[in-house]
Amino acid sequence: MESLIKDLSEAYGPSGEETLVRTLLEDLIKEHVDRTFTDNLGNLFALREGPAPLLMVSAHMDEIGVIVTHIDEKGFIRLAPVGGLLPHLLVGQRLRFKDGTVGTVYHEKLKEIKELDWSKLYLDIGAESAAAARKRVEVGDLACLHQPFAVLGERYLGKAMDDRAGCAILLEVARRLPPELPRSVCFVFSVQEEVGLRGAITAAYRLNPGYGLAVDVTRVGDTPEAPLMDIALGKGPAIKVKDSSMISHPRVRGFMIDTAVAAGIPYQLEVLERGGTDAGAIHVSREGVPSGTLSIPCRYVHTPSEMVDAGDVRHAAALLEKLCATPWP
Ligand code: CO
Ligand code: ZN
């Protein structure tokens with residue numbers, strides 16, 4: 001899965017501009033499912049047909065990024081966040097636009113660093129005038145972080161592990177599933193999660209699933225003076241109990257735990273105090289959908305260098321494979 005995570009992590013795909021990621025995924029998954037299709041918002045569906053009820057498994061394609069709000073007469077570019085991104089994380093970082101244009105971020109003179117906010121940040125793409133800048137970038141253009149993927153022993157470091165690690169797991173499981181399934185499974189690669197779970201809303205409505213699962217990253221409490229959280233890298237994928245978008249359905253959560261125990265797959269129980277996943281949208285679709293989330297522990301979520309553990313990724317794929325291939329209670 002390593003080279004897959006590398007390619008997906010390095011791909012360009014801020015919220016609303018998931019086309020490149022979608023093309024990459026569709027090419028890779030289509031031979032492993034009965035059919036693929038997209039909807040009006042750009043969600044990608046990859047369906048394995050089987051008996052009802054359908055299991056919807058969702059991972060989001062979009063990543064956090066920025067949008068151009070203003071270009072000044074000297075060609076400096078002002079930005080606003082698209083998704084949860086802190087301005088101080090961008091200082092000295094490179095950003096990349098869809099056409100490959102790259103720039104570096106710095107800030108105006110500050111009396112104190114705590115004055116730093118989005119209004120003080122600017123992007124320099126090396127243009128000497130507004131006209132020169134506008135040949136490459138226009139107001140409303142989106143950019144993502146520009147960071148190469150790296151393997152650090154058993155850990156992967158890169159941008160957009162949130163949620164390309166999840167996309168890679170869905171793809172890997174689609175490849176491994178047996179020819180006969182106890183129920184139909186639809187892998188959904190959703191759009192616009194980072195701006196409010198929007199793709200998952202229309203995807204769940206369309207599929208009308210019997211069960212929902214999101215596969216996404218979660219925060220950890222294992223770094224120096226981290227906020228208290230009982231999740232660590234390398235101790236297995238997390239089975240979510242609660243976050244700000246959903247209380248996991250007890251039957252789904254119980255089934256996930258039983259399945260992990262039966263297969264000897266390590267897991268952690270997750271309570272995420274702030275944050276949500278696609279399952280937050282799926283579980284309140286139509287008359288309600290029993291849903292859960294399989295989480296990949298991740299350090300430095302929503303920064304240019306997100307870190308996940310290779311063993312956690314492998315175990316998450318193993319658990320998702322079991323969850324797709326076993327009849328649900
Ligand atoms: Co996120
Ligand atoms: Zn995410």
Side-chain angles (χ1 to χ4, degrees), residues 5 8-18 21-22 25 41-44 56-67 80-87 89-90 142-145 147 156-171 187-201 203-204 212-220 227 229 231 233 237-240 242-246 248 270-283 291-309 312-313 316-317 320:
I5 295 177
L8 286 167
S9 153
E10 290 181 344
Y12 169 94
S15 307
E17 295 209 328
E18 299 88 353
V21 180
R22 183 172 59 241
L25 285 165
L41 292 194
N43 292 305
L44 171 65
M56 168 175 174
V57 184
S58 187
H60 65 92
M61 294 186 285
D62 62 314
E63 67 190 288
I64 48 158
V66 299
I67 190 163
V82 177
L85 187 57
L86 294 171
L89 290 170
L90 288 187
L142 291 161
C144 66
L145 296 155
Q147 276 287 349
Y156 300 143
L157 189 67
K159 77 167 180 73
M161 288 299 148
D162 175 12
D163 187 21
R164 308 285 164 69
C167 294
I169 288 167
L170 265 59
L171 184 57
F187 299 100
V188 175
F189 300 94
S190 65
V191 297
Q192 299 189 35
E193 189 271 353
E194 296 290 0
V195 290
L197 321 179
R198 294 175 191 166
I201 295 173
L213 263 187
V215 180
D216 205 338
V217 300
T218 191
R219 293 181 183 277
V220 293
M229 187 172 177
I231 298 285
L233 243 55
I239 295 172
K240 194 184 294 283
K242 181 190 178 296
D243 63 22
S244 354
S245 73
M246 180 187 64
S248 301
E270 174 201 345
V271 177
L272 178 66
E273 294 188 44
R274 280 178 56 205
T277 72
D278 280 349
I282 300 167
H283 83 294
S291 299
T293 296
L294 180 60
S295 298
I296 308 140
C298 183
R299 287 182 185 165
Y300 323 120
V301 173
H302 289 195
T303 78
S305 293
E306 299 176 326
M307 185 189 289
V308 299
D309 180 86
D312 292 343
V313 170
L320 182 63

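First listed ligand is number 1; within each ligand, the first listed atom is number 1.
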| said: Checking the side chain of Arg164 only, and the main-chain atoms of Ala11 only, is there a donor and an acceptor separated by less than 3.5 Å? | reply: yes
| Listing residue and atom name, which protein N/O/S atoms are closer to the Zn ion (ligand 2) than 2.8 Å? | His60 NE2, Asp162 OD1, Asp216 OD1, Asp216 OD2
| task | Step by step, work out the side chain to side chain contact (heavy atoms under 4.5 Å, CB included) result for Leu213 and Leu320. | result | CA-CA 9 Å; Leu213 263 187; Leu320 182 63; 3.8 Å; yes
| Working for side chain to side chain donor-acceptor pair (under 3.5 Å), residues His60 and Asp216 | CA-CA 8 Å; His60 65 92; Asp216 205 338; 3.2 Å; yes
| query | What heavy-atom pair brings Ala214 and Thr277 nearest, and what distance separates the two atoms? | reply | CB-OG1, 3.5 Å
| Once you round to the nearest 0.5 Å, how far does CG of Leu25 lie from CG of Leu8? | 5.0 Å
| message | Quick check against the 3.5 Å criterion: does Asp62 have a side-chain atom that pairs as donor or acceptor with the backbone of Val191? | response | no
| message | Closer than 3.5 angstrom, by distance alone: can the side chain of Glu270 be matched with the main-chain N or O of Ser295 as a donor-acceptor pair? | response | no
| Near the Co ion (ligand 1), which protein N/O/S atoms fall under 2.8 Å? | Asp162 OD2, Glu194 OE1, Glu194 OE2, His302 NE2
| Shortest non-hydrogen contact from His302 toward Ile64 | CA-CD1, 3.6 Å
| field | Nearest heavy atoms of Val217 and Met161, plus distance in Å | value | CG1-O, 3.6 Å
